[in-house]
K.L.:
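This is the structure, below, for whatever I ask next.
Below, chain A is the first sequence line, B the second, and so on; all start at residue 1.
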Amino acid sequence: MTDRRILVTAALPYANGQIHIGHMVEYIQTDIWVRFQKLRGNRTVFVCADDTHGTAIMIRARDEGRTEEEVIAEMAQAHVRDFEAFDIEFDNYGSTNSPENRELCGAIWKSIREASLVIEKDIEQLFDPEAGLFLADRFVRGTCPNPECNAPNQPGDNCSRCGKTYSPAELIDPKSTLSGATPEVRTARHLFIELKQLHSFLDEWSQSGMHLQSEVANNLRGQFLGDPNSAEGAKELRDWDISRPAPYFGFEIPDSPGNYWYVWFDAPIGYMASTKQWCDRTGEKFDDWWKSDNTEIHHFIGKDITYFHTLFWPGMLKTAGFSLPEKVHIHGFLKVDGEKMSKSQGTFVMASTYLKHLEPDCLRYFYASKLGPGLGDIDLNLEEFVNRVNSHLVGNIVNLASRSAKFVSGGTLCEKYPDDGGLFAAAAAKADQIAELYEQCDFSAAMLEVLQLADEANRFINDRAPWTLRKDPEKAEEVRQICSIVLNLFRQLTVFLKPVLPTLAEQSSALLNSPITNWNDVKTPLVGTPVSDFKHMMQRITNEQVEAMIDDSRVDDAAEDDSDDSDSPWKDGPEALAAEPLSEECTIDDFVKVDLRVARVIAAKDVPEANKLLNLTLSLGGGETRNVFAGIKAAYKPEDLLGRLVICVANLKPRQMKFGLSEGMICAAGPGKADVFLLGVDDGAVPGQRIH
RNA sequence: GGUGGGGUAGCUCAGUUGGUGAGAGCGGCGGAUUCAUAACCCGCAGGUCGGGGGUUCAAAUCCCCCCCCCACCA
């Protein structure tokens, strides 16, 4: 046991959606770091929670006719299930909607009040009179106010065609995306934190070089803080609006009835609340973890939420007298095959979908082999994923056990570790270096080191060829010595890899009947212990499995994969044709009058007062859009359409409908109701291309 | 538009403070081997280090300009 006491957090997943493989980058990265620290003997606690508050949850609950509590309870269950399946080992998984969090929010708020950091200001905001709530920018759409643009159906903060930024109140003919109503401007009193009072503290903390990656510190200086020593001088930090008027799903501010803490105020406090729950359960003292110089606090987050964790959060902690983060570790996003994850391409893979097709350790290893200390995005190149897992893990590391264990299965390792030419000692001597790489979150470099050790071990067994010696009964002891060496080298590797591959470490422990409990297990060879029967520890993965996962993700709610029990794949009956006989012959000239185009669904929302309609915004690329009402409500959920490519009639005469102007139609097959099947297009097509 | 970060072999990426002939893994090609999940071992990569200019005895590595990609902009 060392002296270090470490509290680790991963960002709180929002309770409005399932965990996907992009989220998993962070949870796997953090879990590896935590397992590493625990293996080193450092007292380490890993807490997380669901982030549950805010408008999105409130609206979702309203749409689904449930309470917010029901929505978040269901999602918490799904999150926990996915995390467990990926071997993410939280010491406590809480919720921001907990009594502990409410209490801590109140205490921190009190400190901020007492420090005279809170001011009140009236602000004007659009209000949806039908839905009865104030609208965040993203819930308003209207015509771009730029007279040279006037693009219709633009979001409330900036125009997707001309790029102009504006306030939602400036939009021409604004509409609420919640109800379709025309919002009105209303004034409400908001509470703000005067962050500028903390400017010098934030300069010092963020620029010290101790707590943030240099890119992050530079970014904060350039974008928010400025440099007091430069010609431009320091920048003024704006006041942070931390209240929202009712109705809002969250905690009501005790000394400001009718106002609620903005979700980003209570979310990071959720780290503390989750710790509190853990403390109450284990008898630990909360202050030992959040008010002690002897505890290091490490946050792991994605680069998108840098600003909340590196300005507001330290400011809140400082003001309320809690420990500041020792380090905020920030990582980049996941791309798949070099591109953003995409639902239409099937690369938006949910954690649960991944688990239906592949083992969690494969992804854990792959991410580890790609993650460095920086905040660049990492790429899940699917071909590389298969190759790397098979070649590194199965062919190289696991293979060591596979090619040596069976010669000694049922027997024991040598009572005295034989002369191996210094291999074991050399690997043991790498322990500190590899530990430092883990410590710095440079997992890819650590994996490289381990791989090199595996190469050396493979060379060793190749040179000594126990399979040849084995044919000579007089060399049995020599064979046993060689295998004792190789199995010990294998065990070393599994110790080094235990943070990444806990399952492999278990299997290694079982094979050699000796648990791996500490990083220093790499330093002492096992002698005289029994060797169990060898069992395969890991299967090679195939392109087919990966393709199946992608296919499964492309249409994630249709087509159960266990329904193909027929002999012939084609059993097409005459019913469809009979129901809708062929039309009379037409000429090519007739056909080309209809301008069919590939289009991308860039917005999709329900039309609540219509039985069948969804309101889609289609992009033909380059800012050209079509507003379309499609009778597919029974067959598709709006969120499942977002981003996918469809075929639309782009030159259809616009038609005024009760709910708005329909400027085209999308092509689909099927009799109707739930049996509607949108036309798609093979990979490679892009919006705007004509169908010939 | 502003701020920050990137553009290095087919692919994914390393390249400390400028200095031995620019590297690794994967893929590919050739050979060897057969203990091992067609695994392992040996050999093979002439890539304008995004483009141009500059500083220097010497630059992927420093400075300037341009192009492209990403994130953030409360």
K.L.:
Can a cation-pi geometry be assigned to A/Arg244 and A/Tyr262, taking NZ or CZ under 6.0 Å from the six-membered ring centre and within 45° of the ring axis?
P.N.:
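Yes, A/Arg244 and A/Tyr262 form such a contact.
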K.L.:
Here's a test of your reading of the structure: between A/Lys335 and A/Ser444, which maps to the more 5' nucleotide of RNA chain B?
P.N.:
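Its nucleotide being nearer the 5' end, the pick is A/Ser444.
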K.L.:
For A/Met537, which contact category applies under a 4.0 Å heavy-atom criterion: base, sugar-phosphate, or nothing?
P.N.:
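A/Met537: base contact, heavy atoms under 4.0 Å.
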K.L.:
Measuring from the side chain of A/Gln223 (C-beta onward, heavy atoms only), which nucleotide among B/rC73, B/rC41, B/rA36 has the closest atom?
P.N.:
B/rC73
K.L.:
Take atom CG of A/Leu212 and atom C1' of B/rC72, then tell me their distance rounded to the nearest Å.
P.N.:
15 Å
K.L.:
Distance between the C1' atoms of B/rG30 and B/rA71, in whole angstroms?
P.N.:
45 Å
K.L.:
How far, in whole Å, is B/rA22 from B/rA60 if one measures between their P atoms?
P.N.:
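Taking atom P in both B/rA60 and B/rA22, they lie 9 Å apart.
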K.L.:
Between P on B/rG6 and CD on A/Glu215, what's the gap in Å once rounded to a whole number?
P.N.:
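Distance, rounded to whole Å: 6 Å.
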K.L.:
For the pair made of CZ in A/Phe490 and C1' in B/rC40, what is the distance, rounded to whole Å?
P.N.:
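Taking atom C1' of B/rC40 as the reference, CZ of A/Phe490 is at 16 Å.
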K.L.:
Counting heavy atoms from C-beta on, name the nucleotide in B/rC13, B/rA74, B/rU37 closest to the side chain of A/Leu237.
P.N.:
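Side chain of A/Leu237 sits closest to B/rA74.
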K.L.:
Can you tell me how far P of B/rA71 sits from NZ of A/Lys303, to the nearest Å?
P.N.:
7 Å
K.L.:
Would you measure the distance from the P atom in B/rG27 across to the matching atom in B/rA38 and give it in whole Å?
P.N.:
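Each nucleotide's P atom is 14 Å from the other's.
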K.L.:
Calculate the interatomic distance between A/Glu383 atom CD and B/rC26 atom C1'; express it in whole Å.
P.N.:
9 Å
K.L.:
Report the C-alpha separation of A/Phe490 and A/Ser508 in whole Å, then their side-chain angles, then the decisive distance to 0.1 Å, and conclude whether the side-chain contact (heavy atoms from CB on, under 4.5 Å) test is met.
P.N.:
CA-CA 8 Å; A/Phe490 168 72; A/Ser508 163; 3.9 Å; yes
K.L.:
Tell me: CG of A/Asp455 to C1' of B/rC42, nearest whole Å?
P.N.:
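After rounding, the reported distance stands at 13 Å.
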K.L.:
Taking atom P in both B/rG54 and B/rG46, compute the distance separating them and give it to the nearest angstrom.
P.N.:
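Straight-line distance between the two P atoms is 30 Å.
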K.L.:
NA contact type, A/Val216, heavy-atom cut-off 4.0 Å: base, sugar-phosphate, or nothing?
P.N.:
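Touches nothing.
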